[in-house]
Novice: 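To start, I am sharing the structure in question, which I have written as structure tokens.
Convention: sequence-line order gives letters A, B, ...; per-chain numbering from 1.
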Number of protein chains: 2
Amino acid sequence: MAAAPNKYESIRDQVLDLVHGLDVGAAIPAERELCEQFGVSRMTLRRAVDDLVREGYLDRRHGSGTFVAEPKIAQQLTMTSFSEDMRRRGLVPSSQTLSLTTVTAGAPLGRHLEISPRAQVRRVRRLRLADDRPMAIETLHVPSELVPGLQARDLVDTSFYELLAERYGIEIGAGLQTIEPTVLNAEEGELLDVPEHSPAFLFERTSRSVGGRIVEFVRSVYRGDRYQLQVELRPPRTRGGRADGERVSAQDPAIASAMQTHPNSPE
Amino acid sequence: MAAAPNKYESIRDQVLDLVHGLDVGAAIPAERELCEQFGVSRMTLRRAVDDLVREGYLDRRHGSGTFVAEPKIAQQLTMTSFSEDMRRRGLVPSSQTLSLTTVTAGAPLGRHLEISPRAQVRRVRRLRLADDRPMAIETLHVPSELVPGLQARDLVDTSFYELLAERYGIEIGAGLQTIEPTVLNAEEGELLDVPEHSPAFLFERTSRSVGGRIVEFVRSVYRGDRYQLQVELRPPRTRGGRADGERVSAQDPAIASAMQTHPNSPE
DNA sequence: AAGTGGTCTAGACCACGGC
DNA sequence: CCGTGGTCTAGACCACTTT
């Protein structure tokens, strides 16, 4: 059970257990009481509770108490696969492999994958469907050496991330995704069953293993009429505290917008 | 400038000033040294530095020191105004009011603002520029009764949120923003100085005051060639600490993607 | 070994909410 | 008023990195 070396992590887990036994809206015991119960100082107890508040399990009300929070509507967008993403919305994901080829990386792809331009890359093009209607076209690139023996049928009804983990022992650690608006070309329109020039999202995702190595570069085009993003915006400062007219503080980076300074990024 | 009631906020700002005078990668003074310099305890100093680390200004290296971080490609998107958003990227924001009118809400707008369809609404249309080049067209709707006496010049070089806070005492508490790809029509293309049918982002934002009342509904169209979104994807679990198989922890919900079930939203 | 950040304590006082 | 969370202190010891 990988005992936490830190007291506050252990306390966090214990308080979380306590929370699980309570109803939404119920108050947890006062901080000083919990301190005594767990035998820790208030600073340590608060650090544990701070975490749970950040994670959305608890709400604090100054002068009143700490309460079990409403389950969040918008859960974190983590390292979700297409299948996960669709299932979460009550749709049935499916997939149709359009092509599975091996190509030489070349300069731009080599840069994205941080490998030699002469390295071999497996390239999978898939049509992604939700409730049997086209949703996106996904083009996935993986360094060949990472996935020896990869075959088209491996991808039929398995999440690619599961495949990576279970067959190749590769654990995804982090990713960066850029999002742009685009319009569909004729071929994309036909595949997605919408008119050419329809608006669409272009996602480009780069994922790294826990070791820091780039595992995949994915380029996906999503139908703009079926797919929409939602962002929950939080006020600059979590606290009631004011001040700081100059800069907006950031609680925890998750989404950011960035300028594309050079519209002609060599890709 | 609204002196911070909290010592750690004031310290945060002072440390940030210090950081601004250093190069990327340079070490800041040791924590104990800063404590003495600012005359605060180490816990307080650390809380200030914690914030700056979370905000991406500093990197800590255990046993080694605290260093000025590489400017983040992906800064946090909070309840940021356009001006903030641009400034953060080193661009100079400006604004050009295209129109300021009063209209009757009507059904769709009334629904967005949660007011009567017969209520009056101030409607501001603005061209938003970055470094004097068009970036977005923003159409803002606010219930008239919330902003009596609003004039066009009020919006010239003030953040709308500042105006709300300082003049009308309205504090923004939370917001929900949807993002879709779209293409520009002829008028939008002309205003933004790009060809008609160019890809663009359509943002729709609904903001609530801390009291829960809807304060604004904003519809913005951003040039797709100049504006790009970035999402940092994190794996399901951040810590090494395990336990809790049941619920996916949310470090901090910020973005979620949602399906648009009915492509013909009556808007 | 010396210096750094990381954790933790046992208090204290303040600010807010509700009785 | 009392109980709650919010801030702050002045230490202590631990864990890690560097020399």
Novice: Using 4.0 Å as the upper bound for N to carboxylate O, is an ion pair formed by A/Glu9 and A/Arg47?
Specialist: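 A salt bridge is absent here (no side-chain N lies under 4.0 Å from a carboxylate O).
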Novice: Between A/Arg42 and A/Glu36, does any NZ, NE, NH1 or NH2 come within less than 4.0 Å of an OD or OE carboxylate oxygen?
Specialist: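 A salt bridge is absent here (no side-chain N lies under 4.0 Å from a carboxylate O).
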Novice: From CG of A/Leu58 over to P of D/dT4, roughly how many Å is that when rounded to an integer?
Specialist: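 In whole Å, D/dT4 P lies 16 Å from A/Leu58 CG.
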Novice: Would you kindly give the CG-to-C1' distance between A/Asp51 and C/dT7, to the nearest whole Å?
Specialist: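 That distance rounds to 13 Å.
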Novice: Using whole Å, what does the distance between atom P of nucleotide C/dC13 and atom CZ of A/Arg32 come to?
Specialist: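 About 13 Å, once rounded to whole Å.
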Novice: Any donor-acceptor pair, under 3.5 Å, between the side chain of B/Arg42 and the base of C/dG6, if you only look at N and O atoms?
Specialist: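 Check passes, donor-acceptor contact within cut-off.
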Novice: Taking atom P of D/dT4 as reference, at what distance in whole Å does atom CD of A/Glu36 sit?
Specialist: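 So the CD-P distance, A/Glu36 to D/dT4, works out to 12 Å.
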Novice: On DNA chain C, check which nucleotide each of A/Ser41 and B/Glu33 is closest to and give me the residue with the more 5' one.
Specialist: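 On the 5' side of the pair lies B/Glu33.
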Novice: Quick one: do B/Arg12 and B/Asp50 make a salt bridge, cutoff under 4.0 Å?
Specialist: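 Looking at B/Asp50 together with B/Arg12, the answer is no, because their closest N to O distance does not fall below 4.0 Å.
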Novice: Does B/Arg46 have a side-chain nitrogen or oxygen under 4.0 Å from the phosphate oxygens OP1 or OP2 of C/dG5?
Specialist: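 Indeed not, no polar side-chain atom of B/Arg46 lies that close.
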Novice: Can you tell me if the side-chain N/O atoms of B/Tyr8 get under 4.0 Å from OP1 or OP2 in D/dC8?
Specialist: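 Answer no for this pair, as no side-chain N or O of B/Tyr8 is under 4.0 Å from OP1 or OP2.
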Novice: Identify, between B/Ile28 and A/Gly39, the residue whose nearest nucleotide on DNA chain C lies closer to the 5' end.
Specialist: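 Going by which nucleotide is closer to the 5' end, it is B/Ile28.
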Novice: Counting heavy atoms from C-beta on, name the nucleotide in D/dT9, D/dC8, C/dG5 closest to the side chain of B/Glu31.
Specialist: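 The answer is C/dG5, which lies nearest to the side chain.
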Novice: Do any of residues 60-68 of chain A sit with a heavy atom less than 4.0 Å from DNA chain D, and if so which?
Specialist: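 Heavy-atom cutoff 4.0 Å gives A/Arg60, A/Arg61, A/His62, A/Gly63, A/Ser64, A/Gly65, A/Thr66.
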Novice: Output the rounded distance in Å from CZ (B/Arg47) to C1' (C/dC8).
Specialist: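 After rounding, the reported distance stands at 17 Å.
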Novice: When the distance from CG of A/Asp59 to C1' of C/dG17 is rounded to whole Å, what number comes out?
Specialist: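 Value for this atom pair: 16 Å.
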Novice: Does B/Glu145 pair with B/Arg122 as a salt bridge, N-O distance under 4.0 Å?
Specialist: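 The answer is no: the pair does not qualify as a salt bridge.
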Novice: Quick one: do B/Arg219 and B/Glu138 make a salt bridge, cutoff under 4.0 Å?
Specialist: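 Looking at B/Glu138 together with B/Arg219, the answer is no, because their closest N to O distance does not fall below 4.0 Å.
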Novice: How close or far is atom C1' of C/dT7 from atom CE of B/Met43, stated in whole angstroms?
Specialist: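 One finds 8 Å between C1' of C/dT7 and CE of B/Met43, rounded.
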Novice: Atom CZ of A/Arg12 to atom P of C/dT7: distance rounded to whole Å?
Specialist: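 My rounded result for the distance is 15 Å.
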Novice: Has B/Lys7 got a side-chain N or O lying under 4.0 Å from the OP1 or OP2 atom of D/dT9?
Specialist: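 Yes, B/Lys7 has a side-chain N/O under 4.0 Å of OP1/OP2 on D/dT9.
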Novice: Does a side chain donor of either B/Glu216 or B/Ser207 reach within less than 3.5 Å of an acceptor in the other side chain?
Specialist: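 Their side chains do contain a donor-acceptor pair, which is all the 3.5 Å distance test asks for.
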Novice: Looking at the side chain of A/Asn6, which of C/dT7, D/dG5, D/dT9 is the nearest nucleotide?
Specialist: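 Nearest to the side-chain atoms of A/Asn6, counting from C-beta on, is C/dT7.
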Novice: Between B/Asp13 and B/Tyr8, do the side chains contain an N or O donor and an N or O acceptor separated by less than 3.5 Å?
Specialist: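 Per modelled atom types, B/Asp13 and B/Tyr8 side chains form no pair under 3.5 Å.
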